[in-house]
Structures are given as structure tokens and as C-alpha cells.
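I have placed the structure first, in the form of C-alpha cells, so that the comments after it can refer back to it.
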Amino acid sequence: MLHENKCKWCSIVVAAALGIIATQLPIADSNKLLPQMMDYKEWTVLEITLENTEQKNLDILQLENQDIRPMGSPSTPYVSRIAVSPKKLKEVKKELNDHRLSFKILTTDLSRELLPTVAASREELAHGSSTYDRYMTFKEMENHIDALSTHLPNKVKHKVKGKTLEGHDIHLVTVSDYTIDEDKSVIFVEGGIHAREWISPAAAMNLIDHLVESPALTKHIEWHIMPVVNPDGYVYSKSWDRLWRKNRSGTWFFFCTGVDLNRNFGFHWAGDGASTNPCKQNYAGESQFSEKESKAVRDAVLEVKDRIEAYVTFHSYGQYIMYPWGHTVKTQHENHESLDKVGQAMAKAILTAEGKRYKVGPAGKVLYVASGASDDWVANVTGAPYIYTIELRDDGSYGFILPETKIQAGVNDAWVAMQVIAKEVMDQSNLRTTIPEDDPADLPAEPKKRRRRGCKGKIHNGKKRKRCRRTKNKDYVINH
Ligand code: 0X9
Ligand code: ZN
């Protein structure tokens, strides 16, 4: 693979000579010295039909600059969307025609699409409370986490796993019934790794809110939740550029900012579907785990590595429930049958509860190949049985710009899916509890036939996973 950083300074000089610097300037209007909120007035969104993966990787669809914003793929992988400034529209259309790519215009003023994301009310949240009627600010989420851990010390604990370049804390929230002292199975959840996917941190925060009221799901499971892995990106997306995806790290190419944190993990790092070009949306970074945010996730995962039974990362959009592998389509995950079975069960539960269809399958196949993502790294390093990337709503109508009126239903998709996984983890670990009818988790009352898979001593990376420590709880059937 080509590593552009081999001759950093030559690249800068060449770039300057080619006069492309102007197109990469982070300031929309060269008369202004300070950055301004991108309002996307009269930006056109084009939906381009692709015939193969090579076309998907065309620079015009991947390169991010002041006049072009790649906007992902809706439900079909062979469609790609880009937003183009009025200034560049003619040129982009010509380039697409030159490549014989057909496209349709979805909107001629993207700023109008951004309007429904503005809440009816901008009232300050009462300190420490949460809302799903609008997208919370990072500070509001932090206040809420702080309030929960202060008021419910036997249920919610809170640690800071790292600090970003801009000084934001990377939070880890654990939720469990801490009055029960045992070595519990861990379900690890990560949100907000991509800045513009606002429904993701909302889903993680909403999960925390549900869990503090779900005794059956916290008795024998310890939930480890990192709701906003990329706070710098989230804050930037809220204040400056709604469509920002990466973190806010400087790169060797001064004019292009940000690493795609979901390409920075140390498994097949910088392989297929990741770029070494810092101006691309899927820039993998200088080296694996070069970023404070991915390091924070790595450290938090490694601390509980042998206890993780499930790992879920929330993204948007497209409505997919995906499992490893994502870095290749050539090999299937050894556990693909049960991954698919539980994935289908999640999709079915969402369809029943919320009426939305989620497509299930291996990430590389159902969406696209992408290397260095957190899901594959966790699957490889922990050998945990259930690993999923859930692309939440919507199916592409609004894409990343999911209106605030749709948050409640969107986060509920995630909650419904997480209950299915929790039930599966409890079944597999032989830790199901009997759920009373009025429990908010609303799981079936009778525990299923018990299976103990924990002590089989699964070989992973040449080592046996230690799954036997929980056997002391083998006979738990608890009525509240
Ligand atoms: O590209 C990504 O990182 C994810 N899609 S998104 O539109 N939210 O950016 C998908 C990642 C799926 N996992 C792997 N391919 N490993
Ligand atoms: Zn994402």
C-alpha cells in the first residue's frame, strides 16, 4: 500500500504548486479569518449509482474538501452520496459524466434538510437530566453521567479513560448491580466514534437510562458503555460542520484535519477500505492506535478482555446489523452462524417493536470492506462471541441528518436490540434471571434451557479464554 507520508514536505510543495491548497482551506470564505458554521446553503446532494467497488473508491466520492462532503451510502452499497457546493457543482457533474457515472439530484439546498434537526425548544436541560427530544450537547451528556453516578453509586460508576487533543474527557460508564459482588459477564457498548452520527451517542445514553431501571439486566451483567468516543468531533459537528466525521487531529498535511477513528484500530490497520491520505474521510491515521480516542477504547476493552461476551458499536445510517469480518469478504468469522442468528433475532425484535427493517450480515458483505475498525479488532483480541456494528436509522431519507423528531424511535431500535443480546449473553452464560412481568426490560419470564458454554475453554489466539469464573452463580434463578 502506498504510504503518502514518506515524503511529507514534498507533498506539501507539490500540492501548493498544483494550486489545490485553496480547495482544502478550512475556511469557507477567504475574506473571513475565523472559521464559520457551514450552513450548506445551496449545496446540492447527488446520489451516484456505482457499478463496482473501484468506482466507490474514486477520489471524487471520497475526498473531502471545502466544496465536497461525502455523505455515505444508503441501503444499497452501490450508491454513494456527496454534497457539493454551488461553486463546484458544474465541475463535479462533468467529472461524473467523464467517468460515465449516472446520478440523480436529491436536493439543491442542503441547508433546508438541516432545518428539521433543529429542536422546537432550545431550553436548557435541568442539570443532570437527559432528553431524547433533541440531540444533547456533550456537556449535557457529561452532566447526566455525573448525576447518575453521584445519585446511584450502587448502580452507575464513571471513569475517564482518556483526554482528547481539545481537552474533552473520554468517558466510560459502567452500569451493574454493584450490591452483587461477582465476576460478571461484560457487555461493552461504544457510541459516537463518528462525529456526525448523532443518533449513536443518543442511543448509548438512552441505553444507560434504561439500564439503571432494569434490575434483571444488571444483576449478572456489567455494562461498560463509552457513549461519546469522539467528543472533539461531536462538538465540532454541533458547532461548525454538521457533516464532520473524523476526530480533530492535525495530520501531516496541514490543510486536512482528522483521523477516521474507525480505521485506526490495530487489526488489518490501513488495509482495504482505509486510506493513508489525510484528506480522505477514511484516513487511517499515522499508525495503528495513533489517536487518543482509539487508545482509550483499546485500554477500556483490554481491562475486561476475558469477561466481554458482547461488543456493540452504534453508528448511522442505513439500518444494518453487521458482524465481523469487515476487513475482508474472503473469510467468514468462525462464529458466523450464531452471530447471524442473534443478529436476525435483533432485527426481528426491532421490526416487531418499531416497524423498521434492519439488514443482517457480515460487515464487508452487507455494506463495504473497511479495515482497522473497532469491531474487527475487538473480535480478534477478545474472541468474544457477539460483536456487532449497528447502523441505526434511517434508511437514507435523511441519512446522517436524522431529525430530532425521530430520535426517540431511533434510540428505541438500539434498546430493543440490546435486550436481545443481553438475553442471549445471560442464556449462554447460564445467568438468566426470572424477569417479573412489570420489569421494563420486558423479557420472557421463563429462563430457557440452560447451556453452559463458558467452561469449554474456547481456544483463541492460541490461548484458552477464561470463561469459568462465573460458575459460582450457576444456579441463579432470581425472583425480584
Ligand atoms: O465505515 C464505517 O466505519 C462504518 N459505516 S459508517 O457509515 N457509519 O461510517 C461501518 C463499519 C463496519 N465495520 C467494518 N467494516 N469492520
Ligand atoms: Zn459510523
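Remember, it's 1-based here, ligands and their atoms both numbered in the order they're listed.
- For H315, the N/O/S atom at the shortest distance from the Zn ion (ligand 2) is named ND1.
- Counting heavy atoms closer than 4.0 Å to ligand 1, residue A363 contributes side-chain atoms (C-beta onward) but none from N, CA, C or O.
- Between E140 and R134 there is a salt bridge, since a side-chain N of the basic residue sits under 4.0 Å from a carboxylate O of the acidic one.
- Within H194, the N, O or S atom lying nearest to the Zn ion (ligand 2) carries the name ND1.
- If you number the atoms of ligand 1 from 1 as listed, the ones under 4.0 Å from a heavy atom of E197 come out as 6 (S), 8 (N), 9 (O).
- Figure legend: R242 and W198 shown as a cation-pi pair, the cationic atom lying under 6.0 angstrom from the six-membered ring centre and within 45 degrees of its axis.
- Between the side chains of N412 and Q408, no donor N or O sits under 3.5 Å from an acceptor N or O.
- Closest protein heavy atom to atom 1 (O) of ligand 1: Y368 OH, 2.5 Å.
- Close approach of ligand 1 to N262 (heavy-atom distance below 4.0 Å) involves ligand atoms 2 (C), 3 (O), 11 (C).
- No side-chain donor from either of Y368 and N282 sits under 3.5 Å from a side-chain acceptor of the other.
- Looking at L367 against ligand 1, only its side chain comes within 4.0 Å, counting heavy atoms.
- When non-hydrogen atoms are compared, ligand 1 lies under 4.0 Å from neither the backbone nor the side chain of P324.
- In the model, R393 has no side-chain atom that pairs as donor or acceptor with a side-chain atom of Y398 under 3.5 Å.
- Below 4.0 Å from some heavy atom of H315 lie the following atoms of ligand 1, by number and element: 8 (N).
- The closest approach between a heavy atom of S316 and any atom of ligand 1 is below 4.0 Å.
- In this structure, a donor-acceptor pair under 3.5 Å is present between the side chains of H224 and E222.
- For the 3.5 Å distance criterion, the side chains of D395 and S397 qualify, holding a donor opposite an acceptor.
- Taking the charged nitrogens against the carboxylate oxygens, D260 and R245 do have a contact shorter than 4.0 Å, which makes a salt bridge.
- Nearest-heavy-atom check against atom 13 (N) of ligand 1 across I193, D375, I390 picks out D375.
- Residue contacts to the Zn ion (ligand 2): E197 brings an N, O or S atom closer than 2.8 Å.
- Distances from atom 6 (S) of ligand 1 to the heavy atoms of R263, E391, R196 show the closest one on E391.
- Donor-acceptor pairing under 3.5 Å is lacking for the side chains of T108 and E42.
- Against a heavy-atom cut-off of under 4.0 Å, A373 is close to the following atoms of ligand 1: 14 (C), 16 (N).
- Side chains of D209 and Y132: a donor on one and an acceptor on the other come within 3.5 Å.
- For atom 9 (O) of ligand 1, the choice among R245, Q281, M71 with the nearest heavy atom turns out to be R245.
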